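One structure is given below, encoded as structure tokens.
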Amino acid sequence: MSVVAKSYQKSADPVVAYCSEHTKIQIPLQVELQKETLANAPHAGMLGAPEILTFGQNFIRSYGGKRALDVGTFTGASALAWALAVPDDGEVYTFDIDHTNYKKFGVPIISKCEKTFKKIKAVEGPAAESLDKLIADGQSGTFDFAFIDADKTGYPGYYEKCVQLLRKGGVIFVDNSLRGGKVADEKHRGDPQNAAIHATNDIIYKDDRTYSALLNLGDGTHIAFKK
């Protein structure tokens with residue numbers, strides 16, 4: 001089984017490391033948050049791969065994205081990345097069942113840049129309910145970008161809601177889509193989280209509302225472009 005790893009992990013193979021070194025671009029604020037998260041946050045390995053964050057920023061900037069959905073906040077590294085990419089009047093909705101880690105590790109660092117910090121709208125509670133509220137409030141088709149990196153069993157539902165909320169031409173990044181390579185091996189799909197990711201990959205691949213590509217980037221990134 002091929003090793004899939006994030007660039008900050010020691011297990012990253014030389015090719016992954018080389019590609020990441022020539023992809024990721026981080027400002028000092030991002031470097032500080034990554035170091036603080038890896039050193040002190042519980043379950044630090046949940047931190048998104050910086051190469052994926054850079055790649056996502058490139059998409060947002062390339063088509064002038066202004067509104068982003070960030071499903072799974074943790075310490076705020078992904079929310080920070082999207083907030084840096086959207087313009088001054090842009091906004092990032094970041095969702096998590098519990099924002100304790102964001103408040104403890106992310107807010108003290110991100111708030112050092114008031115211009116960036118004010119773009120982030122932290123929404124605490126079940127992400128599915130929060131996304132449903134945006135849909136009920138008539139915000140379908142108004143977002144430019146979505147990043148899904150939360151509880152894995154919720155992935156199919158998060159993807160469906162994000163497709164509804166994105167505008168035509170909007171982009172969704174689904175993180176951990178290879179799950180350390182386990183989703184490629186049927187014997188590992190008995191695990192509910194692996195099964196949910198495998199199901200999500202199938203849903204995206206067969207979805208006639210989007211164009212898509214599954215990439216071996218970070219721990220796997222499935223990218224969907226809304227038609």
Side-chain angles (χ1 to χ4, degrees), residues 2 4-7 16 20 23-24 45-60 62-63 65 67-74 76-79 81-82 85 92-97 126-128 130-132 134-135 140 143-185 188-189 191-227:
S2 299
V4 182
K6 302 173 184 178
S7 59
V16 170
S20 299
T23 298
K24 63 182 181 182
M46 293 195 303
L47 180 70
E51 56 271 25
I52 293 176
L53 303 185
T54 296
F55 197 41
Q57 287 178 310
N58 291 343
F59 273 91
I60 293 171
S62 70
Y63 57 68
R67 305 187 80 208
L69 299 165
D70 182 59
V71 185
T73 308
F74 191 36
S78 54
W82 320 141
V92 177
Y93 285 77
T94 186
F95 310 94
D96 209 301
I97 189 71
S130 299
L131 293 168
D132 279 338
L134 289 175
I135 293 170
S140 294
F143 286 85
D144 305 290
F145 180 82
F147 182 65
I148 300 173
D149 183 18
D151 56 294
K152 309 313 172 194
T153 54
Y155 270 30
Y158 297 145
Y159 172 75
E160 175 60 35
K161 297 174 197 304
C162 286
V163 170
Q164 292 183 55
L165 286 164
L166 254 62
R167 63 165 173 83
K168 179 179 179 180
V171 179
I172 300 175
F173 274 34
V174 182
D175 198 18
N176 303 116
S177 289
L178 293 177
R179 189 80 172 165
K182 292 177 181 177
V183 295
D185 190 336
H188 290 291
R189 293 180 195 160
D191 176 275
Q193 298 187 73
N194 295 338
I197 292 173
H198 175 62
T200 305
N201 287 334
D202 274 352
I203 290 168
I204 297 172
Y205 177 66
K206 297 172 183 176
D207 192 353
D208 60 9
R209 298 169 299 174
T210 62
Y211 302 105
S212 63
L214 176 55
L215 306 180
N216 188 355
L217 177 70
D219 190 27
T221 309
H222 212 149
I223 302 177
F225 306 80
K226 187 170 180 180
K227 297 179 181 178

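The structure presented is a predicted model; accordingly, all values stated were derived computationally and were not measured.
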Give me the atom names and distance for the closest heavy-atom approach of [X] to [Y].
X      : Y      : value
Leu53  : Ala81  : CB-CB, 3.9 Å
Ser140 : Ile135 : OG-CG2, 3.7 Å
Ile52  : Asp219 : CD1-N, 4.4 Å
Tyr158 : Ala128 : CE2-N, 3.7 Å
Ser177 : Ile197 : O-CG2, 3.6 Å
Leu47  : Ala77  : CD1-CB, 3.5 Å

Discussion item. Applying ring-ring contact (aromatic ring centres under 6.0 Å, His included) as the test, list every pair that has at least one member in residues 205-227; sequence neighbours left out.
Written reply: Phe59-Phe225
Practice prompt. Just say parallel, tilted or perpendicular for the rings of Trp82 and Phe147, cut-offs at 30° and 60°.
Written response: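 If you compare the ring of Trp82 with that of Phe147, the planes turn out perpendicular.
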[X] side, atom [atom1]; [Y] side, atom [atom2] - distance, nearest 0.5 Å:
X      : Y      : atom1 : atom2 : value
Asp185 : Lys182 : CG    : NZ    : 10.5 Å
Asp132 : Gln164 : CG    : CD    : 8.0 Å
Phe95  : Asp70  : CZ    : CG    : 8.5 Å
Arg67  : Leu165 : CZ    : CG    : 9.0 Å

Discussion item. Taking atom NZ as the centre, does Lys168 end up with more than 12 heavy-atom neighbours from other residues, nucleotides or ligands that are less than 6.0 angstrom away?
Written reply: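 For Lys168, atom NZ is not crowded (no more than 12 foreign heavy atoms under 6.0 Å).
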Discussion item. Let's go through Lys152 and Asn176 carefully: what are the C-alpha distance in whole Å and the side-chain angles of both, what is the deciding distance for side chain to side chain contact (heavy atoms under 4.5 Å, CB included) to 0.1 Å, and is it a yes or a no?
Written reply: CA-CA 9 Å; Lys152 309 313 172 194; Asn176 303 116; 2.8 Å; yes
Discussion item. Please evaluate residues Ile223 and Val171 with respect to the criterion side chain to side chain contact (heavy atoms under 4.5 Å, CB included), reporting the C-alpha separation (whole Å), side-chain torsions for both, the decisive distance (0.1 Å), and the verdict.
Written reply: CA-CA 7 Å; Ile223 302 177; Val171 179; 3.7 Å; yes
Would you confirm whether [X], through its side chain, and [Y], through its main-chain N or O, come within 3.5 Å as a donor-acceptor pair?
X      : Y      : answer
Asn194 : His188 : yes
Thr153 : Gln193 : no
Asp96  : Thr73  : yes

Practice prompt. Could you list the residues that satisfy side chain to side chain contact (heavy atoms under 4.5 Å, CB included) with Ala146, not counting sequence neighbours?
Written response: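 By the side chain to side chain contact (heavy atoms under 4.5 Å, CB included) rule, Ala146 matches Leu69, Cys162, Leu166, Ile172.
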Only counting residues at least two apart or in another chain, list the ones meeting ring pair (Phe, Tyr, Trp, His ring centres under 6.0 Å) with [X].
X      : value
Tyr155 : none
Tyr63  : none
Tyr93  : Phe143

Worksheet item: Do you know which of Ile203, Thr221, Ile204 makes side chain to side chain contact (heavy atoms under 4.5 Å, CB included) with Val174?
Response: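 That would be Ile204.
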Worksheet item: With a 3.5 Å cut-off and no angle check, do the side chains of Thr54 and Thr23 form a donor-acceptor pair?
Response: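 Looking only at side-chain atoms, Thr23 and Thr54 do not form any donor-acceptor pair under 3.5 Å.
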Item to complete: Scan residues 196-207 for pairs that pass salt bridge (Lys or Arg N to Asp or Glu O under 4.0 Å), counting only residues two or more places apart or in two chains.
Response: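 Sorted result for residues 196-207: Asp207-Arg209.
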Practice prompt. Report the C-alpha distance between Leu178 and Leu214 in whole Å, list the side-chain angles of each, state the deciding distance to 0.1 Å, and finish with yes or no for side chain to side chain contact (heavy atoms under 4.5 Å, CB included).
Written response: CA-CA 9 Å; Leu178 293 177; Leu214 176 55; 4.2 Å; yes
